[in-house]
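Model, not experiment: these values are computed from the prediction. Side chains included, hydrogens not; waters and symmetry mates left out as well; all remaining heavy atoms used. Below, chains carry the letters A, B, ... as their sequence lines are ordered, and counting in each starts from 1.
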Number of protein chains: 2
Amino acid sequence: MTLEEELERFPLTGRFLFGRLRETLSLEERAAIEALPEEIATFENSVRVVEAGTVSDRSTLLIEGFMMRGLDHMDRPGEQRSALSLHVPGDFVDLHCFALKRLDHNVDTVGPARLAFVPHTKLQDVLATMPHLGRLLWSSTLLDAAMHRQWIMKLEQLTTPRRIAHIFAEIWRRLDMVGLAGPDGFDTPLTQADLADMSGSTAVHANRALRELREKGVAEFRRGRVIASDRAALEDYADFSADYLYGEGQLAIEAKHYAI
Amino acid sequence: MTLEEELERFPLTGRFLFGRLRETLSLEERAAIEALPEEIATFENSVRVVEAGTVSDRSTLLIEGFMMRGLDHMDRPGEQRSALSLHVPGDFVDLHCFALKRLDHNVDTVGPARLAFVPHTKLQDVLATMPHLGRLLWSSTLLDAAMHRQWIMKLEQLTTPRRIAHIFAEIWRRLDMVGLAGPDGFDTPLTQADLADMSGSTAVHANRALRELREKGVAEFRRGRVIASDRAALEDYADFSADYLYGEGQLAIEAKHYAI
DNA sequence: CGCATCCTTGAGGGCCATCAAAATGCGTGG
DNA sequence: CCACGCATTTTGATGGCCCTCAAGGATGCG
């Protein structure tokens, strides 16, 4: 099914796992997912949707826009924050809190966003009646963990310009999977300060790193728009390999194993 | 049940989730876990147990010793590696590969270790018949993700001495939970080069960072033995808070939610 | 006792943080 | 349409953390 058809039939959740494991879901299962949200809401830029430490009985699915998971720095709340992951439409942002209940980080919007809230009671019903779907939900939280690991590697190994290039490469691939990227770039609501948070750097240095990317011809960043005419060069510069996103290439392998 | 009793009845898997969510497991469920391993094996220091990229049909439970998940740096294989997580006895090291099948990183021993291999077919049987246990297995993979997030924060926010102090503080707490720590420190097979890999630094700089920890009275590290007389000072210095480990303090909350 | 591994120390240089200030773009309201 | 305020971006200067290369010292094992 194409993305357009998918979104026609499942306008809220059609992007969930699209380009990855969605193909292994039956239509009944996709319908069950579409029926999960109890409430749809729209938020403005930089709104804290869930606060770290709170016990929650619902999870957030991102329909439209971007979100970030992070933590305020303990010394100066609100000033310097630690970015843990960025989320694009189709992501079940804090599904893991269904199993852990208490969230260990904040969940904020980056730019305006439309969200679907899924009560955990409904998830529990789905798990009881649709075990295969339950396993796929599990997998989707593990994709998050795989991205975490790549971020760790990125922070341990790369300089700031390469870290930012890696961020660009990852977001681009992920937007691609849900049909929201262009042929030579993509749009985000990110600021240079956001990039600094994600790369463990400062806004000033992120600015200089972006200049280097521009001068090297790797990528351009202007007010949230990322343009890179040579995608291979960008991914090469960032030591980026899309394997950890478990995208289309791996689907053949996965689908076989998921045929319970 | 005390840890001693637990290990008496479940010598292989008695430490799995001990001090965290194990209390929510029935005796039948614990017995089911104990019956999972198909093979027990002992390995020497620095043995690669699973190679990145391979499709695996079994997962590894760490019974005794330490393991590390990581990636070799692309340019110089075997030389500079990126450490992603360290594992202690009781950890279901690569359980996530049950759901994702393909591993995105290597799994190596650090020092000698005793491992239990669990075939995925057995896990599948357990999931089919014991849904509650299945959810707990899910949770255990999410604890890994929570630790990943804390590592990301650690790398983004802290200097190398504080990163190493954070590593010490985390390992100490985790060894505590499975009864393997002392009152003023703990033993590991880690070298200074390992600490460097874990903190995204170099062996030389890790050495200087350890000297600073020693001079500041935060912690001592001598041939794998970590000694810190003032644990609060160590955790304070490292900006460490054990919440993300979802240990005993949170059990009351969790247990309630897990009473399906 | 010899060897391998690990630890330690020095010197030089590069990446990045910090402080400070100015320029640019953008929405609001006059 | 212009003025204004505000967030964001840009640039400079200084200093600190950390990398790299190099060499020597300690420890443990056969």
Colleague: How would you label the contact of B:G200 with the nucleic acid (heavy atoms, under 4.0 Å): base, sugar-phosphate, or nothing?
Modeller: sugar-phosphate
Colleague: How many Å lie between CZ on A:R223 and P on C:dG27, as a whole number?
Modeller: 9 Å
Colleague: Within the structure shown, what part of the strands sits under 4.0 Å from A:R211 by heavy-atom distance: base, sugar-phosphate, or nothing?
Modeller: sugar-phosphate
Colleague: Look at B:D108 together with B:R81 and state whether they make a salt bridge at an N to O cut-off of under 4.0 Å.
Modeller: yes
Colleague: Roughly how many Å is it from CZ in B:R208 to C1' in D:dC19, rounded to a whole number?
Modeller: 10 Å
Colleague: Within the pair A:S201 and C:dC16, is there a side-chain N or O less than 4.0 Å away from OP1 or OP2?
Modeller: no
Colleague: Can you tell me the distance, in whole Å, between the CG atom of B:N207 and the C1' atom of D:dC17?
Modeller: 16 Å
Colleague: Can A:R114 and A:T42 be counted as having a side-chain donor-acceptor contact under 3.5 angstrom?
Modeller: no
Colleague: Look at the side-chain N and O atoms of B:T202 and state whether any lies under 4.0 Å from the OP1 or OP2 oxygen of D:dC19.
Modeller: yes
Colleague: Has B:T191 got a side-chain N or O lying under 4.0 Å from the OP1 or OP2 atom of C:dT5?
Modeller: no
Colleague: Whole-Å distance between C:dC16 C1' and B:E156 CD?
Modeller: 15 Å
Colleague: Measure the distance from CG on B:N45 to C1' on C:dT5 and round it to the nearest whole Å.
Modeller: 11 Å
Colleague: Side-chain donor-acceptor pair under 3.5 Å between B:W172 and B:E235, yes or no?
Modeller: no
Colleague: Is a donor from one side chain sitting under 3.5 angstrom from an acceptor on the other, for A:T141 and A:D144?
Modeller: no
Colleague: To the nearest angstrom, how far is B:H205 atom NE2 from C:dT8 atom C1'?
Modeller: 15 Å
Colleague: Select one nucleotide: of D:dT9, D:dA22, D:dG12, the one nearest the side-chain heavy atoms of B:V204.
Modeller: D:dA22
Colleague: Nearest-Å distance, CZ (B:R225) to P (C:dC7)?
Modeller: 15 Å
Colleague: Report the distance from atom CD of A:E212 to atom C1' of D:dT10, rounded to the nearest whole Å.
Modeller: 16 Å
Colleague: Parallel, tilted or perpendicular: which describes the rings of A:H105 and A:H96, with under 30° parallel and over 60° perpendicular?
Modeller: tilted
